Each structure stands twice: as C-alpha cells, then as structure tokens.
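A short worksheet on the structure shown next.
None of the values given here were measured: they were computed from a predicted structure. A note on names: the letters A, B, ... follow the listed sequences, proteins ahead of strands, and every chain is numbered from 1.
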Amino acid sequence: MDDPVEVIERCAELCRRRERTDLVMRLEAATGRWQSSDVRVLVVGEFKQGKSQLVNALVGAPVCPVHDDIATSVPLTVSYAEQPTAAVLWAAPGAITEEEPRREVVDVAMLAARISLPGQDRVIEDKDGSRLVAAEAGLPRQLLRDGLTLVDTPGLGGPGSAHSAATRAVLPSAHAVLVVTDASQELTGPEVEVIRQALAACPHVALVLTKTDLHGQWRRVQQLNAARLRDAGLKLSQLAVSSQLRLLAARSKDADLNAESGFPELVGFLRRSVVTRREELARRSVRHDLNAVLAALSSSLDSEHRVLSSPEHLPAVVAELALARTRAEELKKRSAKWQQTLNDGVADLNADLDHDLRERIRVVQAEAERIIDEGDPGHAWSEFVAWLEESTASALADTFTWAEQNAEWLLTRVAEHFEEASAETLPQLRLADTTSLGDRIRPMGDLDLNETTLGGKVIIGMKGSYGGVLMFGILTSLAGLALINPISIGAGILLGARAFREDKENRLARRQAEARTLVRKQLDEVVFQSSKVLRDRLRHTQRQVRDHYAATAEDLLRSIGESVASAQGAAKADEKQRITRLAAIATDRTTVIRLRREVDTLGAPTAAAQAAS
Amino acid sequence: MSVRVDETTAGTRGTTAEDLLREAAHLYADDPAASEAVERLRRRLQEPLRVALAGRIKAGKSTLLNAIVGEELAPTDTGECTRIVTWYRHGEVPDVTVRLRDGTAARQPVRRVRGRLQLDTGGHDLREVARIEVTWPSPALTRMTVIDTPGLASLSTEVSERTTEALTPELGAPEVDAVVYLMRHLHTSDAELLEAFREATVGDASAVGTLAVLSRADEIGGGRIDAMVSASDVARRYAHDPRVRAMALDVLPVAGLLAEGAHALRQVDFDALREIAMLPPARRESLLASADRFGTQSVDELEVASPALRAELLARLGFYGVRLASALLRGPGLDATALAKELSRRSGLGPLTSALTTQLGQRAGALKTRSALAGLEQVLAEHPRDEAADLAERADALRAGDHAITELEWAARLRRGAAGALEDVLRTEAERLLGMHGSAPSERLGLAPSASREKQLDAAMAASERWRWVAADPLSDRESVGLALSAVRSLDALLLQLGGS
Ligand SMILES: Nc1nc2c(ncn2[C@@H]2O[C@H](COP(=O)(O)OP(=O)(O)OP(=O)(O)O)[C@@H](O)[C@H]2O)c(=O)[nH]1
Ligand SMILES: Nc1nc2c(ncn2[C@@H]2O[C@H](COP(=O)(O)OP(=O)(O)OP(=O)(O)O)[C@@H](O)[C@H]2O)c(=O)[nH]1
Ligand SMILES: [Mg+2]
Ligand SMILES: [Mg+2]
C-alpha cells in the first residue's frame, strides 16, 4: 500500500454513497494535508565552509551565491516549482515583529548576485530603506518533489555577525539541519557549539564534511571529528562530500565521479532520514483521519443494521445514542477536562516562558555589563554590538526551542484527555487509532503536531519561517548607535595634560554609563517584543487547538445525529426495503472492514524506505 | 638608511634603555627575584626581535614558521598539534629545553623524525610547562626569534588560553615584540584576539607590531589555479577593513606549505611532476580531479610518479601546488631549480619576509626598547623602593622622548582613525612621514628611491611647512596638533640627515 490518496478516494466514495458530505469534506482536507507536507532542511555552518556550493550541487543549479570572498547574506529557501522562480523579501524599515515581508520577484539567474555581499557589509538595503531579509527560489527538481526544502544560510562567526544572528534565529524553524564544515581541519570549539544548538532545536542533524576533493587528508579529519563529537557526547551521522566533483560529474555525466563526490549518500540521507521520516508522520496523520471517518461510518452502519434486523431495538438504540449525545455535548463545554488542561497549561506556559526569556536575557545583560565595566566601550563598540546580537539571538533561539517543546508536550496531554473522554463516552466512536497509545505519545523532541491525534489541523506557530529572522531586526538598530568618540576631539589644545587625563576619565565613566543604558534599553525592548511574539503565537496555538477539538466534538455530534437518523429511518422501512438495505449494509460493512485493514498497513514504513535503509 | 631619531634624542639626555636597566640592576643587586627580572630585560635588548606566530587552530602557524626559518623544525599535523608555546632562537648547538612554571628548566634530547623535531614535555604535565625553547643554528634565526603558539578557538580551551596568556598576559608587558597573526578568513574570534592584543600592549602601538597573514591562501579559491590571485583580493579587502587596519600593518596572502615544499623540492619530485604535466590532457585532468585520485590512482604511463610519491608530493606541496607545478611544467622548459623558485615566488612568502625585515625589522630597536621599558616599569611597580622613584620617572621620560616610539604610537593611532578631522591626503602623508612604509628618506617622502638629494630636500621642506601650519592652526583639534608636531619632528630629523650626508 503506497499511495494513501487512492485509499482516501475509495473511502470518500463510500461516504458519498452514504450521503455523508461532512465526512467527505474531512477526507478532502486530509488529502490536502498529505500533499502539502514539506520538510525544511537548514544548511548551516561557519562561513566559507561550502554551504552554498553544497546546496547548488544538490539541486544542480547555481542558485546560491558561491564565491571565494563574497558571502551569502540572507537565508535562501530552495523548494520545488514547476517552473524556475525566484524572489527576494524585504522588511520595511523598522519592522520588528511578525509583519509579512514584501516580496519582489526576480530573475532566477540574477538571484545569487542580488543577495550576496562582500564580507564586511552588514545588511542589504533597498532605496526606501527596507532591509533584505530572505530569498526564495523554486526549481523543477526531482529531489525537491516530495516537499524537501533546502535553506542556505549566512555563515556563522563571520565578520558581518548580523548574518550569524539571522542564522541562529532560524534554527528552531528547521525539521532537519545539515551542519557544514570543510575537510581542511577538524571541528573547532565554536563549531561544536553550533552542532549542540542544532541538536537541541531539531531531531535530525547531520555533519557534512565538504571539499574532500581538495583536502587529501579528509579521512583523518573525519576520524578526528568523530572523536570530537564522541567526547562532547553528541550523536549524529557524518557524511563526506565534494560539491566540486558532483558538479563536474553532472557536467560530464560521469557516474564514477558522482559516486566519488559522496552525494549519493547525502541524497540517501535526506530521503531516508528526513523525507521518509516526515512522510511517515504524514502517513500516520492520514491514517488517523481515515480511521476516524471509518469509525463514524461503521457506527451509523451498526445502528442502522441493529434496527433493521430487529426494529424493536429502536428505543434502546436511540436511548444509547441520546446518552452519547449528552456526553459529546459535555466534551464541548468549557468545563471539559481537556479544555481545563489546555487553559491551565497555556497560562502556566505563558508565565514560564516569560520567566525563561527574562532569565536568559538577564544572563546576556550581566555579561554585557561586565564587558562594559572592564574596558572602554568606545573602542570596540561594533564588535561589542556584534557579540550582543549573537548572544541575544542565541538566547532567543533557545527560548523559542524550549517554548516549542513545552507547547508540544502540553498539546499531547490535551490530546490524551480528549481521547480518554471521548473513549469513555463513545466507545464505538473512538476517534483515535485503536492500535496503541505509543503512536500518540512520541518521544520528546520528535513531536510534530502536524500529525495523528490533532489530525494535522494544528500547526504550532512556533515554527515560523520569517518570524525568527525578523526578531533579530530589533537588534540591528543597536549597531547604528555610535557612542561618542572615544578619543576626545574637542578637548582643545589649551588643556594641560592633567586636565586632559581627568577629562578622559570622566568621559570613560560617561561612556560606560551610556553604553549600559543603551544595552539595558535594547534588551528591554528585546524582552518586550519577544514575549509579545511568544504570547501571540501561544494564543494562536491555543485557539487553533480549541477550535480543532470543538470541531471534532461537533463531528461526533453530527455522526451521532446521523446514526439516530439512520436508525429511525431503518425502523420505518418495510420488509422488502429491509432486505435490500440489509444486503447493502452488509456490502458496505465489508468494504469498511477491508478499508480498515488497508489503512492499518498505511502507517507501516514503505517498501522504498525499507530498501533504502 | 633608517633615521636614528631615537639615538639623537636619547643621546642628548645621555640615557638609554640600556643605561636605565644597568642602574636598575645595580639598585636591585640585593633582591634576587627583581635582579633576575632586570637581567632578563637586559638580555632581551641584546636579543633579536621576538616575533610570535598566532592564530586559530590549524591556521598553518607551524608550517609558516618552518617556511620562514627555511627548515623543517616545528611539528605540523592535520590534527591539533602545537599545544605548548615554543620558542625557536638562534644558537650554535641544537638544544631543546622545557621551561617549567616554577622557574626550573629541563634539557631534552634533540630528536628529529623526517626532519621535524620531536618535541615533548619530558614527562611533565602540560599545565606545569611554561614553554619549550628550541635553539637551532639557522641563519634566519639570527635576525629574529620566532615563537610558535597553540591555536586559538581550540576545543580544549586550556590550550587556547596558553596562547592568550603568552600574547596578552594579565599582568605586565607581553614577552613578544611583534606578532604575525594568521587567519584563514576574518573570523570574529580573530578580530577579538587582535583587539585584545592591541589593548594589552603598552602605548597603543601594537598595530605597528602586528602583521596579519591570510594563511593557507592556496586553499581559498577551492584550490583553483588562480587561487593566489583570489587570495590577494581577499587580503586586500581585509587590509582595508577598519577593524583589521586598527590592529595590523598589512594583510599578506601566504601559502606556507607551498613555500616550505618548494624549498625542499628534490630532483625526483621534479621528474614526477613533469611526467604528470606531460600526460595527455584527458588523463591528466582525470588524475587531477581530486586529491584522492591524485594520491591513489594507478596510471600506467607514469613511471616515476608512483602513487606513493604522488601522495608524498600532495602532502608536501598541497593540491594547489601540485596543480600549479603541472601547469607551469607544460610551458617552456623549467628545470628543477627554476620550478622551485617559481613555486616559492607564487607562495607569497617573499613579501612576508620582506615585511618582517623592513616594516618590523627597521623598527626592531624601537619595538624592543618599548617592550624593555614596559618591563622595567613592571619590575619597579612590583618591587617598589624609594630610590626607584627617579628611575620610573626617567623611564617614562625616555619613552615619551623617544621619537621612534612616538612614531610607532602615532602610526598606530592613525590606523585606528585618529585625527579624523584632517583630510585623508594629509593622514596618508602622515603615515608615510612617520615611516610606516619604510624609513628611508625617499620612502618617507613618497619619492622614488632614485630621487635626487635636492628633490628630497625640497619635498621635505615643503612637507615641514605644511605640517607646521597644521600644528599652529587654531582650528586644529588637539589630536591633529599632536600628529602634526610628530610629523614635524620626523621631518626635522630627516632634514638633518639629508643635510648632513
Ligand atoms: N575544491 C572545492 N571547493 C569548494 C567546494 N565547495 C565550496 N568550495 C569553495 O569554497 C568557497 C566557499 O564556498 P561557498 O559555498 O560560498 O561557502 P559558504 O559556506 O556558502 O560561504 P558563506 O556564504 O560566505 O558563509 C568557494 O571558493 C568555493 O569555490 C568543494 O566541494 N570543493
Ligand atoms: N594547502 C595548504 N595547507 C597548509 C598550509 N599551511 C598548513 N597547511 C596544512 O594545514 C595543516 C595544519 O598545519 P599546521 O602548520 O600544523 O597548523 P598550526 O596552525 O600550527 O596548527 P596547531 O598548532 O594545531 O594550531 C597541515 O596539514 C598542513 O599541511 C598551506 O599554506 N597550504
Ligand atoms: Mg554561502
Ligand atoms: Mg602548530
């Protein structure tokens, strides 16, 4: 059983025959979700390690800017499109939160040039002062067909560290991360830190060793890296590639070169560990939807069958269904256990998040003040601001990751409560998989709300694609604030040496005070804006979850109503109608049983995935 | 030759750093710790300039050291290698001594494996070791003592800290006079360290004691044949970056491995490379597609260039070096010596050594005096005595009066954007007049070396008038005036020299 769409279609046919348009609609939504599940793979690493070239070699087109010196300045998202397309995204001046950036469509061939910068500059600005914040490219490539989306990012630790901040900020939005390091040397301390952060933010992380064509000793480096990672207690796979050879192989159609490039393994990894895993989740979600629909169908078939075969059961059946209806109504009430769990949980989470955020920012602030007090902040102000931006972006990324994990955990609990309640009340109408609880409770860090119990409706807002990038916009304003010139210009030639020294000391104290105030003000702003964003996202999530379950309870009620109607209709039938309808019901019930069996095999790993692993 | 302003001015007072140190030795004769410290400073004045090679781990420091010394001394490796600060100084007899933190020293046997020294701590814990000192009879070391340091941004922060400590000690003056800072790219941690070094050095003059090197430059273009051209562009851009300008004299692209390999090129290497160059194009390109192929593929046509020899060539010249050699050998007849010379020329080592000898070498006296005076002040502060007060004042005065040091300091401040109120032309001229681009009169005046004495005199007088005017302008700010006065003083010395010779 490979393509769920076909099963969905047969199921929909049955629903149409039974005149259940509500269920048909639900199935249509399931198809939509199945087709749109994409996977964001972030390519990160220190600058000049060959990230952009790696993406180019993967998609076989020079979309990302590659240069010996000029650097990638904004995240570039490469995904599937029937025709090559490209766009750059601008944030209006001063835009700091979740506003949609302005899209400007550009020629694919020009994209790389539009978004690259000679290393030292910080941000690309439009005539009206808008900042370039991201870029997108669409390519008709087989690799991207299944929803794989590659994101090339600005290098970390480079001179324009505003770029680093942008990269750290988008980390939590990834489904998988490729950390890129070249084979010229073993991992450095900062690189291991990046891996640690990536692992915290997302479950699938691989280390990609690049430029193996150039560095003959890459196997040594690979071993050294493995040892480094082991020592640091980090578990992830390591792949060695040469983008150069891959591109050469593509040009000369040379299979040997392609094999030597290491790309077949990389593509395999992406398919196996990322796309397939993601597909499995999507499959589970579809399976869940199908099971719910089939349960509703079989419930109405059952009630109709019972009444048709012995009409005297009608009162009993109707009474049973009436009880179920009351309970289903209970589920919708605000006092329902799942609602309480949700409301309390969100309130707690709000408080915790606020605390977490403040705590992390406080650490940054303390460190910043220590730095200011130790020296003259005028000397290395731009380095200091760069440091502050990086630390803040790191802290924010941590909080957002933490928020996401906690929100997911909360939603699992809500889901459980809803399941329990609906299971108690409506045994024959259970909405969840009957197979096992293990399906619903997944290990931490591997949760994805796009699936199973929530039926994929709830897309948790924490994984926003541009939100993170714009967050750091708060900080860039800091860079523009120049402190008064550290070297006194206006002191005047008449000032004696002593007076000058005093003046210098006063000025130093003033500069330090000024720098402290600036930092405090900026960090307050960061806390204010970020907690607002967090609160908004959480509220949004809460609303979606509530709507989702309310709709599910509504579905239940409708199903019960339908069952009552079919039972009552059955009681009115005459002998002849009874016999034909019983026969039809028998066929439909077999179809339901057969479909259920097919649905059960849907969640199993596909043959392709098994062969690949 | 260089303008010995320091001697003229110091001479009038009859005091030199040497004199002060002699007095200090006298003063502290009864205090073993202090007199030991003073003794060290006196020796330091006699020694050649101390140049430290620093940078992130695996920047290619040890390899470059070998290239500069012209001998395979320092151990190098793909993995983290240098863990202890190691001094390479001149001496007639090879010697390896481990200096411990507690002040004791232990001689080690001198062992070399395939050229490289085998350096170990002789059983001492790394933490107990202050540094290793290697003495070697190498001509290059008579001009400077070279110091290899452990890499920064190492995973083991302890290792990195050793370098930071050596370059920017918490207390007192650094032990080194000048730094060659290697970076493969300008990483934030590079900028931070350069900044820290600048702050730690006395008198703000480190920008004139620091040269930055864009190291492993051959790898920058992904090993393409035009890699070094690309590397020069990158280096030029870095050199104009305000953060780098503030901290280093210049940025030079160097492929240390290529320089070292070219130096040690043998006839058999040459034969193998030529054989490869002569392969039919398709075969050659396939062989040169990747380092793996080059080092392992068996090729029937190649007799001399066995896979083993090729692997060795790869390790010694780098992939770029091999590609470059094979391209060069396709052209008109080069012999082994010419090839080695050409490879060496393209490695960029030449400009580095000449910068070390001119830009740093000409300033060696001033740099050393500056370090020695800072060291003396530290000793005086740590061992305070009533009789020493006078000494401290005189050290201060000597430093302030030593125009060579003033020149260094102004040059450094200029690089950081000081006297920004002045027009750029003037600031560029000031840099030159202060001797930043060489201290010969013609260099200071920005004239061709062949310019006649009259022409030089004219130029110097015109400049002198210009700068006096800046100094006297009531609208000039304090900094511009200070700079102008320094320039005038340099010009005075220059006129004296021109007139007197
Ligand atoms: N030999 C070789 N060179 C490569 C390979 N991949 C990248 N390079 C070179 O490495 C340099 C940097 O490559 P990029 O892809 O721009 O690196 P990046 O990590 O995206 O750099 P930033 O955007 O600046 O962070 C370029 O000069 C490339 O030609 C490779 O597989 N082999
Ligand atoms: N291609 C190329 N490789 C180089 C160059 N310089 C050094 N390497 C290689 O880079 C690696 C590290 O060189 P080292 O000289 O040991 O570097 P280091 O900075 O001393 O390293 P640590 O002491 O461990 O910090 C070795 O494998 C060298 O062969 C160069 O100019 N070009
Ligand atoms: Mg890039
Ligand atoms: Mg070393």
Do [X] and [Y] make a side-chain contact, defined as non-hydrogen atoms from C-beta onward lying under 4.5 Å apart?
X	Y	result
A:Trp218	B:Asp292	yes
B:Thr78	A:Gln185	no
A:His67	B:Val234	no

For this session: Would you kindly say whether A:Asp68 and B:Ser230 are connected by a side-chain donor-acceptor distance under 3.5 Å?
Result: yes

Seminar exercise, completed: Counting heavy-atom pairs under 4.5 Å with chain B, the top scorer among A:Lys211, A:Glu191, A:Gln217 is A:Gln217

Problem set entry | residues 241-256 of chain A: residues contacting chain B (heavy atom under 4.5 Å, by number) | A:Leu245, A:Leu248, A:Asp256

Seminar exercise, completed: Distance col, row B:Asp77:CG vs A:Arg220:CZ, nearest 0.5 angstrom, shows 4.5 Å

Problem set entry | Point-to-point distance, once rounded to the nearest 0.5 Å, from CG of B:Leu314 to NE2 of A:His215 | 11.0 Å

Problem set entry | Counterpart residues, ring-ring contact (aromatic ring centres under 6.0 Å, His included), relative to B:His185 (two or more places apart) | A:Phe47

Problem set entry | Minimum heavy-atom distance between A:Leu214 and B:Gly222, given as atom pair plus value | CD2-C, 3.7 Å

For this session: Examine whether an atom of A:Glu46 lies under 4.5 Å from a heavy atom of chain B, and if so say whether it belongs to the side chain, the backbone or both; otherwise answer neither.
Result: side chain

Problem set entry | Pairs flagged by salt bridge (charged side-chain N to carboxylate O under 4.0 Å, His left out) wherever residues 214-223 of chain B is involved - sequence neighbours left out | B:Arg184-B:Glu219, B:Arg216-B:Glu219

For this session: Mind checking side-chain hydrogen bond (donor to acceptor under 3.5 Å, both in side chains) for A:Glu260 and listing every partner two or more places apart, or none if nothing turns up?
Result: B:Arg293

